[in-house]
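Each remark here refers to the structure printed beneath this line.
Chain letters run A, B, ... following the sequence lines, proteins first, then strands; residues in each count from 1. The figures that follow rest on heavy atoms only: side chains count, while hydrogens, waters and symmetry mates do not.
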Number of protein chains: 2
Amino acid sequence: MTDTAAPPTLDDVARLARVSTATVSRCINSPDRVAASTRARVETAIKTLGYTPNFAARFMAAKRTFTIGAIIPTMENAIFARGLQAFQEELHQRGYTLLVSSSAYKAEAEEEQIRTLVARGADGLLLIGHDRDPQIYDYLAQQHVPVLVAWSYSETARVPSIGFDNRAAMRSLAERMIALGHKRIAMISGISEQNDRARLRIEGVKDAMAAHGLDPERLAPVELPYDVHSGAAAFVDLMSHSPRPSLVLCGNDVLAVGALRGAHQLGLKVPEDVSITGFDDIELAQVVTPELTTVHVPHREMGRKAAQELVGMVEEKRQGVSEKLETTIMERSSVSILRDQSE
Amino acid sequence: MTDTAAPPTLDDVARLARVSTATVSRCINSPDRVAASTRARVETAIKTLGYTPNFAARFMAAKRTFTIGAIIPTMENAIFARGLQAFQEELHQRGYTLLVSSSAYKAEAEEEQIRTLVARGADGLLLIGHDRDPQIYDYLAQQHVPVLVAWSYSETARVPSIGFDNRAAMRSLAERMIALGHKRIAMISGISEQNDRARLRIEGVKDAMAAHGLDPERLAPVELPYDVHSGAAAFVDLMSHSPRPSLVLCGNDVLAVGALRGAHQLGLKVPEDVSITGFDDIELAQVVTPELTTVHVPHREMGRKAAQELVGMVEEKRQGVSEKLETTIMERSSVSILRDQSE
DNA sequence: GACCTTAGTGTAAACGCTTACATTTTAAAT
DNA sequence: ATTTAAAATGTAAGCGTTTACACTAAGGTC
C-alpha cells in the first residue's frame with residue numbers, strides 16, 4: 001500500500017514467491033496447471049504486492065483483450081441505454097469488458113472511435129445501423145476485427161446484424177394509423193443521412209401511404225436532430241401550415257415527446273386536436289401525458305443476443321449470423337380514432 | 001485493403017519507406033523532427049499499407065495512453081449524460097479519448113471497472129461521488145493514477161472534486177418549500193448507502209427542517225433505486241398514510257417523474273393536491289406535465305471543468321484542486337404556494 | 001531396477017512500439 | 001576548402017506479459 005516508485009510487475013511477484021515468471025503467469029491464467037503449494041505462495045505474493053497484470057503487455061503477448069467495443073450515436077437520451085445495458089451484462093457474464101464511445105451522430109467521429117477501439121485491441125465491435133463509409137468495413141476486415149450491427153436488421157448488408165426491420169415496423173404503425181382514419185399525415189424524422197434507421201422509417205411511412213391510396217410525395221418529412229427541443233419547434237412549425245395534419249408520426253420517442261411539448265405550447269390537446277406517435281418505446285414514452293403510442297423494440301433481447309452472437313464470432317472465428325427481431329405496436333393514448341376502424 | 005495475414009506493423013512501414021522504425025515513429029509522434037521529403041515517403045507508406053499503430057505496444061513503450069476513464073453509476077437515465085458529454089468534448093479537444101463504464105450503482109462492479117481501466121492504462125480517472133472503500137484510493141495511489149471526483153464537492157475528501165454541495169443545495173430547496181408553507185414533508189430518496197449524493201441530500205432536508213422548527217426525525221425518507229417505477233410505487237405508498245404530506249421532495253428528477261406518475265395513477269392533481277420536487281434539472285424535468293420544480297446543476301460546466309482539471313493533473317503530475325459549483329433552484333409548476341411567502 | 005509417463009517448473013523468445021544515444025548528412029561560418 | 005554545429009536518421013535496448021520448448025522429479029509398470 002505504500003506509494004513506492006512503480007507498480008509491481010510479474011517479475012516482482014516471481015521473485016517474492018521464488019518461482020519463475022512463467023509460473024506466476026500460469027497461476028493467473030490456468031491455475032490448475034500449477035501445484036497447489038506453489039499457487040498458494042504465488043497468490044500470497046500477489047496479494048502482498050497488490051499486483052495487477054499490465055493489460056498492454058498482456059495484449060501484446062496474447063493478442064487477446066477480452067474487450068468488446070461499442071460505439072453508439074448518443075448517450076444524451078435513453079434510446080440505446082437499455083439495449084446497451086443488456087449487452088454489457090451478457091458480455092460480463094462471458095468474461096468480457098465493454099468499452100463504450102459515443103459519436104454524437106457524426107460519421108467522422110464514429111470512424112475515429114472505431115480506429116481507437118481497434119487500436120486498443122477490442123476483440124469485437126458493436127455498431128449501430130449499417131450506413132457508413134464502406135472503407136471502414138475494409139479496414140475492419142484487414143484488422144480481423146469482427147463487427148456486428150444492432151438496431152437495424154438487413155440481410156443484404158456486408159456485416160451481420162441483430163435488429164429489427166425499421167421500414168416494416170414503421171409501415172405497420174402507419175398502416176394502423178391510416179386504418180384509424182388518419183389521412184393528413186406529417187412526419188418529424190431524425191436526420192436520414194448516414195442513418196439507415198431514420199431513412200427506413202421514412203420509407204416505411206411512404207410504403208403505407210402508397211398502399212392505401214395516399215400520395216407518398218406529400219409526406220415531406222422534416223429532418224432534425226433527435227432532441228426534445230427540435231421536436232417541439234418542428235411541431236409548432238408544422239401546425240402553422242394548413243390544412244393541419246391530423247397525425248404527426250415521429251422518428252422516435254424523443255422527437256414525439258418534443259411534439260407533445262409543442263402541442264402543449266400551442267394549447268392543442270393530444271389526441272383530440274392532433275395525434276402523435278413515437279418509435280422505440282423507451283421509458284419516456286410511458287412517462288409523458290398522454291402516454292405515447294409507439295413501436296416497441298425489444299431492446300434487452302437485442303442487446304443480449306448481440307452479445308452472444310458477437311462473442312461467438314470472436315471465439316469461434318466465424319461469420320456472424322443475422323437475426324431479425326419482432327417489434328410490436330403499443331397503442332396508448334396519444335392517438336385518436338377518426339372513424340370506425342372496422343370498415 | 002486485401003485481407004492479408006496480419007495487420008501491418010511499424011516494421012512493414014519502415015521497410016516500404018526505406019527508413020528505420022525510429023523514423024517512422026517520429027513521423028507519427030513529432031513530425032517536425034523529420035525532413036519533409038522523408039515524411040512524405042513515410043506517410044505514403046502508411047496510407048498504402050493502411051497502418052494503424054498498435055496501442056498496446058505504444059503504451060508499453062511510452063507509458064502514456066491519452067485515455068481517460070470514467071465510471072458512472074448508470075447509463076439508464078440521462079443524469080450523467082450531459083455532464084459526461086461535455087467532459088468528453090473537452091477531453092477530445094485536448095487529444096484524449098474517453099472510455100466509459102457503468103457500475104449499475106454496485107460497489108464491487110465499480111471496483112472491478114476501476115481496476116480494468118487502470119490496467120488498460122487510463123492516464124486518469126473520473127469517478128462519481130466520494131463514497132467508496134478507502135482501499136481503492138490506496139490502490140489508485142500505488143498505481144499513480146490521478147483521480148477526480150465529480151457530482152459531489154467535498155473539501156475534506158481524500159481526492160479532489162469538481163462538484164456541488166449536495167447538502168446545501170437540497171437544504172435551500174427545502175427551505176424554500178418551507179417558506180412556501182409546506183410542513184408535512186415526505187421524501188423519496190435514492191439509496192444512500194455508498195452514495196454520498198443521496199445521503200447528503202437527505203441531510204440537507206433535515207437541516208432545513210431543523211432550522212425551521214420541524215422535527216427532522218419525522219422525515220423518514222424512503223430509499224429506492226433511481227427509476228421511474230420505483231418512484232411511482234413509493235409515491236402511491238406514501239399517499240396511503242395519513243396525514244398525507246403536502247410536499248414530496250425527491251432525490252432526483254427521475255424519482256420525481258415517478259412520483260408524478262404515481263399522482264396521476266391516484267388521480268391526484270399536482271401541484272393542487274400535492275407538491276413534488278426533483279433534483280438535477282435534466283431534460284426530463286421540463287418535459288413532464290407539470291414541469292418540475294428542481295435544483296439546477298450546471299452539468300456541462302462541471303463536465304468541462306472536470307476534464308480540464310483532470311488533464312492538468314495528468315500532464316503536470318500535480319495534485320488536483322477542488323472546485324465548488326453553484327446550483328440554482330428552478331421554480332416551475334409542480335409546487336403550490338400554501339400561504340403568503342412574505343410573512 | 002530400468003523405463004516410461006506425466007505433472008510441475010524454468011528458460012527465453014517473441015509481441016510492436018518509443019527513445020536515449022550514436023552516427024551520418026547537411027548547412028553555415030571561417 | 002576546412003571546421004563546426006545542427007539537423008536527420010539509425011541502432012538497439014527496453015516495456016511486462018505469454019507460451020513453445022526444455023528440463024527435472026516423481027510415480028507406475030513390468
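One can place CZ of B:Arg64 at 19 Å from P of C:dC17, the figure rounded to the nearest angstrom. In this structure, B:Gln143 places its CD atom 12 Å from P of D:dG16, rounding to the nearest Å. Per the geometry, CG belonging to B:Asn54 stands 10 Å off P belonging to C:dT18, to the nearest Å. Here C:dG16 presents its P atom at 14 Å from CD1 of B:Ile28, a figure rounded to the nearest Å. For the pair A:Tyr51 OH and D:dG16 C1', the interatomic distance rounds to 7 Å; values are reported in whole Å. For A:Arg33 and C:dA7, the CZ to C1' distance is 9 Å, given to the nearest whole Å. Taking atom CG of residue A:Leu10 and atom P of nucleotide D:dT18, one finds them 6 Å apart after rounding to whole Å. A straight line from CG of B:Asp11 to C1' of C:dC15 spans 11 Å, rounded to a whole angstrom.
A:Thr44 places a side-chain N or O within donor-acceptor distance of the main-chain N or O of A:Ala40, the cut-off being under 3.5 Å.
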Could you walk me through whether B:His92 and A:Glu112 pass side-chain hydrogen bond (donor to acceptor under 3.5 Å, both in side chains), step by step? CA-CA 11 Å; B:His92 187 255; A:Glu112 191 187 322; 3.0 Å; yes

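The side chain of B:Lys63 has D:dC15 as its nearest neighbour among C:dT18, D:dC15, C:dG16. The side chain of A:Arg26 lies closest to C:dG10, out of C:dG10, D:dG16, C:dA20.
At a threshold of 4.0 angstrom between heavy atoms, the contacts of B:Ala22 include nucleobase atoms, whether or not backbone atoms are also involved. As judged by a 4.0 angstrom heavy-atom cut-off over every strand, A:Ser25 is placed among the base-contacting residues.
The 5' end of DNA chain D is approached more closely, in terms of each residue's nearest nucleotide, by B:Asp32 than by the other of B:Asp32 and A:Thr23. Comparing B:Ala57 and B:Ser20, the nucleotide of DNA chain D nearest to each residue sits closer to the 5' end for B:Ser20. Where B:Met60 and A:Arg41 meet DNA chain C, the nucleotide closest to each residue was compared, and A:Arg41 sits on the side nearer the 5' end.
Aromatic rings of A:Phe59 and B:Phe59 (six-membered ring for Trp) have centroids beyond the 6.0 Å cut-off, not under it.
For the pair B:Arg82 and B:Phe80, the cation does not sit on the ring face, since its NZ or CZ is not both under 6.0 Å from the ring centre and inside 45° of the axis.
The base of C:dG8 lies outside donor-acceptor range of the side chain of A:Arg39, with no N or O pair under 3.5 Å.
The shortest distance between the side-chain N/O atoms of A:Thr38 and the OP1/OP2 oxygens of C:dT9 is below 4.0 Å.
The number of heavy atoms from other shown groups lying within 6.0 Å of CD (A:Gln319) does not exceed 12.
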